[in-house]
Q: 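Pasting a structure below so you can have a look.
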Amino acid sequence: MRITGDWLRAKGLQAILAALGDAGYRAFLVGGCVRNALLDHPISDVDIATDATPATVTELMATAGMKVVPTGVDHGTVTVVSEGEGYEITTFRKDVSTDGRRATVAYTSDIAEDAARRDFTMNALYADAEGNVIDPLGGLADLSARLVRFVGDPDARIREDYLRILRFFRFHAWFGDPDRGMDVDALAACAEHARHVARLSRERIGHEMRRLLDAPDPGPAMAAMQATGVLSHVLAGADSAALGPLLHLEGAVPPYWLRRLAAIGGESPEKALRLTNAEARHLRLLCDGLREGEPLPVLAYRHGAHMARDVALLRPALIGGALPDGWIAEIEKGATARFPVRAADLMPSYEGPALGTRLAELERRWIASGFELSREQLLA
């Protein structure tokens, strides 16, 4: 089997592979870029695995005129900038010891040993400079079946790095077959080690949840997270029940992880997932919009069409029912409305605090009229 694409023929990438190959070393594309190429998914990062050590890679690339950055040299990784693009190059490795998050590694020349330390079989796929795929562990069959399966023993893989629990559910949301279901051994191992999610940094947990909730259909993965007890360790009090109805209501509306996060609820998500200030503010506004029940045009006027659309989708998802007739037009009406009175229109009759009070009073009247009252009517 072969992979193709303009990204594979990129001059910078081929220059790196040629520099290693001409020096007698093996070099392969590995992981996500190979997986995504086979699935015809977009490719963002291109990683390279080689039997050359970081010191050798550094020397060869510098001789070839490429910039080398020692981004993870202690773990066998350097970043090479070639033709303006950055490529991570990692020496074949095997794990010596792990602590549930980080591993002590030793270099190896055996691609099978390198594959054996990876998380999922669909990520243990390699390809040479011509795109020929190397599959040491049967990952092609799993990828074809859209089955997210741990390499070897799921229990052992999770003990090596508890972040793999969250990655399992994220990968199923993006690449798994929802009709097939999940690997039962993997689910059992995730349930067994669910409590260890608390050992992960909140930043890493938040990163995984953002990516999971942005998947086209995260519903089955989130339901499995809840059933195995993982979700309660990620976000106490969260409930995935409303996620299915929300996904149905979204239709062609693009995925948005914060909207979906609002649907599952939970205690203090801003802390549990280390939300940015802007994300926390958006989530609060969503929750306020749900609690206060403001009409959609008013929400759109005060907070924008995006916010009003999210609240419109969340309301029936959480309480049942359908989207109201004409909801899109109502949101558009509010989002494009412009209050016609300005402070200068009220001066000098009103000044200071009285001016602000009068403006607010007129704005309330204008909103109550459905944004219909004109400047002249308000001033009269």
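Along the sequence shown, residues carry numbers from 1.
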Q: Nearest 0.5 Å, what's the CD-CG distance between E292 and L285?
A: 9.5 Å
Q: Under a 4.0 Å threshold between the charged nitrogen and the carboxylate oxygen, would E372 count as salt-bridged to K333?
A: yes
Q: Is there a donor-acceptor pair closer than 3.5 Å between any side-chain N or O of S82 and the backbone N or O of G12?
A: yes
Q: Is any side-chain heavy atom of I158 closer than 4.5 Å to one of F150?
A: yes
Q: Does K94 use its side chain to pair, donor to acceptor, with the backbone of D110 at less than 3.5 Å?
A: no
Q: Are M122 and L137 connected in a single hydrophobic cluster, I mean Ile/Leu/Val/Met/Phe/Trp/Tyr linked by side-chain heavy atoms less than 4.5 Å apart?
A: no
Q: Find out if a path of hydrophobic residues (ILVMFWY) with successive side-chain heavy-atom gaps under 4.5 Å connects I111 to M1.
A: no
Q: Looking at D345 and R342, is there a salt bridge between them, counting it only when a charged N and a carboxylate O are closer than 4.0 Å?
A: no
Q: Hey, can you tell me if F371 and W366 have their rings parallel, tilted or perpendicular (30° and 60° cut-offs)?
A: perpendicular
Q: Can a donor-acceptor pair be found, under 3.5 Å and without considering hydrogens, that links the side chain of R210 to the backbone of G206?
A: yes
Q: Considering non-hydrogen atoms only, spot the tightest contact between A263 and L246 and give its length.
A: CB-CD2, 3.7 Å
Q: Treating R195 as the side-chain partner and H233 as the backbone partner, does any N or O pair qualify as donor plus acceptor under 3.5 Å?
A: no
Q: When you measure from the side chain of S144 to the backbone of L140, do you find a donor-acceptor pair of N or O atoms at a distance under 3.5 Å?
A: no
Q: Do P218 and W174 come close enough that some side-chain heavy atom pair is under 4.5 Å?
A: no
Q: Donor-acceptor check, side chain of D155 to backbone of A189, threshold 3.5 angstrom: yes or no?
A: no
Q: For L261 and P269, which heavy atoms make the closest approach, and how far apart are they?
A: CD2-CB, 4.3 Å
Q: Is Q226 reaching over with its side chain to a backbone N or O of S240, donor-acceptor style, under 3.5 angstrom?
A: yes
Q: In Å and rounded to the nearest 0.5 Å, what is the CG to CG distance from L379 to L373?
A: 11.0 Å
Q: May I ask you to decide if M307's main-chain N or O and D310's side chain share a donor-acceptor pair within less than 3.5 Å?
A: no
Q: Compute the ring centroids of Y107 and F92, then answer whether they are less than 6.0 Å apart.
A: no
Q: According to a hydrophobic-cluster definition based on side-chain heavy atoms being under 4.5 Å apart (Ile, Leu, Val, Met, Phe, Trp, Tyr only), do L273 and V197 belong together?
A: yes
Q: Side chain to side chain contact (heavy atoms under 4.5 Å, CB included) for W327 and L313? Distances and angles first, verdict last.
A: CA-CA 10 Å; W327 67 282; L313 292 166; 4.3 Å; yes
Q: How far apart are the C-alpha atoms of D114 and R118, what are their side-chain angles, what is the distance that settles it, and do they pass the salt bridge (Lys or Arg N to Asp or Glu O under 4.0 Å) test?
A: CA-CA 7 Å; D114 187 73; R118 296 182 181 273; 3.0 Å; yes
Q: So, does T91 use its side chain to make a donor-acceptor pair with the main chain of T50 at under 3.5 Å?
A: no
Q: Within the 4.5 Å heavy-atom criterion, are E376 and P340 side-chain neighbours or not?
A: no
Q: When you compare the side chain of M182 with that of T228, does any pair of heavy atoms fall below 4.5 Å?
A: no
Q: Evaluate D51 against R26 for salt bridge (Lys or Arg N to Asp or Glu O under 4.0 Å), listing each step before the verdict.
A: CA-CA 6 Å; D51 56 353; R26 290 179 295 162; 3.5 Å; yes
Q: Is there a chain of hydrophobic side chains (I, L, V, M, F, W, Y, each step under 4.5 Å between heavy atoms) that links L38 to L147?
A: no
Q: Is it the case that more than 12 heavy atoms not belonging to Q377 sit under 6.0 Å from its CD atom?
A: yes
Q: Just jot down the side-chain hydrogen bond (donor to acceptor under 3.5 Å, both in side chains) partners of Y301, sequence neighbours excluded, or say none.
A: E363
Q: Answer yes when R364 and E361 have at least one side-chain N-carboxylate O distance shorter than 4.0 Å, and no when they do not.
A: no
Q: Verify salt bridge (Lys or Arg N to Asp or Glu O under 4.0 Å) between E192 and R159, making sure each step is shown before the conclusion.
A: CA-CA 11 Å; E192 173 67 23; R159 285 180 184 276; 5.7 Å; no
Q: Can you confirm whether L212 sits close enough to M225 that some side-chain heavy atom of one is under 4.5 Å from a side-chain heavy atom of the other?
A: yes
Q: For the OH atom of Y25 and the OG1 atom of T53, what is their distance to the nearest 0.5 Å?
A: 6.5 Å
Q: Determine the minimum heavy-atom distance between A335 and A300, stating which atoms define it.
A: N-CB, 3.6 Å
Q: After noting the C-alpha distance and the side-chain angles of Y256 and H282, does the key distance pass the ring pair (Phe, Tyr, Trp, His ring centres under 6.0 Å) rule?
A: CA-CA 12 Å; Y256 183 45; H282 188 92; 5.4 Å; yes
Q: Any salt bridge between E160 and R157, counting N to O under 4.0 Å?
A: yes
Q: Look at the aromatic rings of Y126 and F28 and report parallel, tilted or perpendicular, splitting at 30° and 60°.
A: perpendicular
Q: Hydrophobic clustering (ILVMFWY, side-chain heavy atoms < 4.5 Å, transitive) - are I48 and V30 grouped together?
A: no
Q: Between H306 and R309, does any side-chain donor sit less than 3.5 Å from a side-chain acceptor?
A: yes
Q: Not counting sequence neighbours, which residues clear side-chain hydrogen bond (donor to acceptor under 3.5 Å, both in side chains) with Q14? List them please.
A: none
Q: Walk me through whether C33 and R35 qualify under side chain to side chain contact (heavy atoms under 4.5 Å, CB included).
A: CA-CA 6 Å; C33 61; R35 178 199 66 228; over 6 Å; no
Q: Could you check R2 against L8 for side chain to side chain contact (heavy atoms under 4.5 Å, CB included), going step by step and ending with a plain yes or no?
A: CA-CA 11 Å; R2 295 184 63 186; L8 180 61; over 6 Å; no
Q: In a check of side-chain contact (heavy atoms from CB on, under 4.5 Å) between M222 and each of D217, D239, V230, I264, which one passes?
A: I264
Q: Should we count CZ of R202 as having more than 12 external heavy atoms under 6.0 Å?
A: yes
Q: Could you report the tightest heavy-atom contact between G265 and L235, atom names first, then the distance?
A: O-CD2, 3.1 Å
Q: Return the minimal non-hydrogen interatomic distance between A145 and R180, and the atom names on each side.
A: CB-NH1, 3.6 Å
Q: Please walk me through it: do D288 and R284 pass salt bridge (Lys or Arg N to Asp or Glu O under 4.0 Å)?
A: CA-CA 6 Å; D288 289 345; R284 284 195 299 271; over 6 Å; no
Q: Start with the C-alpha gap between L362 and F339, add the side-chain angles, then the distance that decides, and say whether side chain to side chain contact (heavy atoms under 4.5 Å, CB included) holds.
A: CA-CA 9 Å; L362 293 178; F339 182 44; 4.0 Å; yes
Q: Which atom pair, heavy atoms only, marks the closest approach of G219 to L247?
A: N-CD1, 3.7 Å
Q: Report yes if the side chains of V148 and D183 come closer than 4.5 Å at any heavy-atom pair, otherwise no.
A: no
Q: What distance separates H207 NE2 from L163 CG, expressed to the nearest 0.5 Å?
A: 8.5 Å
Q: Would a 4.5 Å heavy-atom cut-off, applied to side chains only, mark L323 and R315 as touching?
A: no
Q: Answer whether the closest heavy-atom distance between the side chains of P70 and T58 falls below 4.5 Å.
A: no
Q: Does L13 offer a backbone N or O that forms a donor-acceptor pair with the side chain of W7 under 3.5 Å?
A: no
